[in-house]
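Note sheet for the following structure.
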Amino acid sequence: MAKQLKKGRPKRDKKYVKESKPVISTDCEKIIFMFDKTDRSGNYAFDVNRADFNHKEVLGKIVDYSSMTWGEVKRQTHDDGKSKHHFLTPDSLSKEAAERLKAKDLEEFSDYIFSFALQNKIRIIGIRNGDKFHVLWYDPGHEVCPSKKRHT
């Protein structure tokens, strides 16, 4: 005797599976800086009134990078060969940065956090979405994603 199939909704695994969409690279597109998600409070506030905000450096780099493609920027490296500008993993964020992301209701973008290295420790952190970079934080002390020193 054959089993009868129940009509209605199909059974689904309880485990959530994210649907994947075809990935279209925007590495040959110019970078578009956006300021619609900027965090203006907290230790990483992107606030031009901060005493430690390096106006010339920030504006100069934004102008320079906006004339480049994402691929050109990603190819820039430190002396040790590591990329200067790169995505940050959600687990690499400091506790405070993760809390600010949650407070701004931007947790869904945690896989898209990108870091621009300006000079020494100065970073601009934001959300990369296609060719757009939504500026989120100013990080003058490299504290959003602190470096892990070897052998410590």
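Scope of the values below: all heavy atoms of this structure, side chains included, with no hydrogens, waters or symmetry mates.
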- [ ] With N43 as reference, evaluate E96, R100, E143 under the side-chain hydrogen bond (donor to acceptor under 3.5 Å, both in side chains) test and give the passing residue.
- [x] E96
Open item on the list: Is there a path of hydrophobic side-chain contacts, each under 4.5 Å between heavy atoms, that joins L59 and V135?
Closed with: no
Task: Spacing of Y44 atom OH and L93 atom CG [to the nearest 0.5 Å] - done: 9.0 Å
TODO: Starting from the C-alpha separation in whole Å, work towards a yes-or-no answer on side-chain contact (heavy atoms from CB on, under 4.5 Å) for D131 and T69.
DONE: CA-CA 9 Å; D131 57 349; T69 66; over 6 Å; no
Task: Which atom of D91 lies closest to which atom of T89, heavy atoms considered - done: OD1-OG1, 2.7 Å
Open item on the list: Once rounded to the nearest 0.5 Å, what's the spacing between atom CG of L88 and atom OG of S110?
Closed with: 11.0 Å
Open item on the list: Centroid separation under 6.0 Å, is that true for the rings of F116 and Y65?
Closed with: yes
- [ ] Is it possible for you to say whether I127 and F87 belong to one hydrophobic cluster, with membership spreading through side-chain heavy-atom contacts below 4.5 Å?
- [x] no
TODO: Could you tell me whether the side chain of Q76 reaches within less than 4.5 Å of the side chain of H85, counting heavy atoms only?
DONE: yes
Open item on the list: Quick check on the hydrophobic clustering: are F114 and V144 connected, directly or via other members, by side-chain heavy-atom contacts under 4.5 Å?
Closed with: no
- [ ] Compute whether any side-chain donor of one residue and acceptor of the other, for T38 and Y138, lie under 3.5 angstrom apart.
- [x] no
Open item on the list: Determine whether D27 and R128 satisfy the following criterion, salt bridge (Lys or Arg N to Asp or Glu O under 4.0 Å), listing intermediate values before the conclusion.
Closed with: CA-CA 11 Å; D27 282 358; R128 180 178 174 188; 3.1 Å; yes
Task: Check against side-chain contact (heavy atoms from CB on, under 4.5 Å), T77 and K82 - done: CA-CA 5 Å; T77 59; K82 291 183 181 176; over 6 Å; no
TODO: Specify the closest pair of heavy atoms between S115 and I125, including all atoms of both residues, with the distance to one decimal.
DONE: OG-CD1, 3.5 Å
Task: Pair D36, H134: side-chain N/O donor-acceptor within cut-off below 3.5 Å - done: yes
Open item on the list: Side-chain heavy atoms nearer than 4.5 Å, only ILVMFWY residues, links allowed to pass through others: does that put I124 and M68 together?
Closed with: yes
Open item on the list: To the closest 0.5 Å, what do you measure between NZ (K121) and CZ (R123)?
Closed with: 10.0 Å
- [ ] Kindly compute the distance separating NZ (K30) from CD (E72), expressed to the nearest 0.5 Å.
- [x] 6.0 Å
- [ ] State which residue, out of W137, F53, F33, fulfils the ring-ring contact (aromatic ring centres under 6.0 Å, His included) condition with F46.
- [x] F53
Open item on the list: According to a hydrophobic-cluster definition based on side-chain heavy atoms being under 4.5 Å apart (Ile, Leu, Val, Met, Phe, Trp, Tyr only), do I122 and F133 belong together?
Closed with: yes
TODO: Rounded to the nearest 0.5 Å, what's the gap from OG1 on T26 to NZ on K132? Could you check?
DONE: 9.5 Å
TODO: Could you grab the distance from atom CD1 of I31 to atom OG of S67, nearest 0.5 Å is fine?
DONE: 8.5 Å
Open item on the list: Quick one, R50 and P140 - any side-chain contact, counting heavy atoms below 4.5 Å?
Closed with: yes
Open item on the list: Would the distance check show the side chain of H55 and the main-chain N or O of V58 forming a donor-acceptor pair, the cut-off being under 3.5 Å?
Closed with: no
Task: Note, L106 side chain near L136 side chain (heavy atom, < 4.5 Å) - done: yes
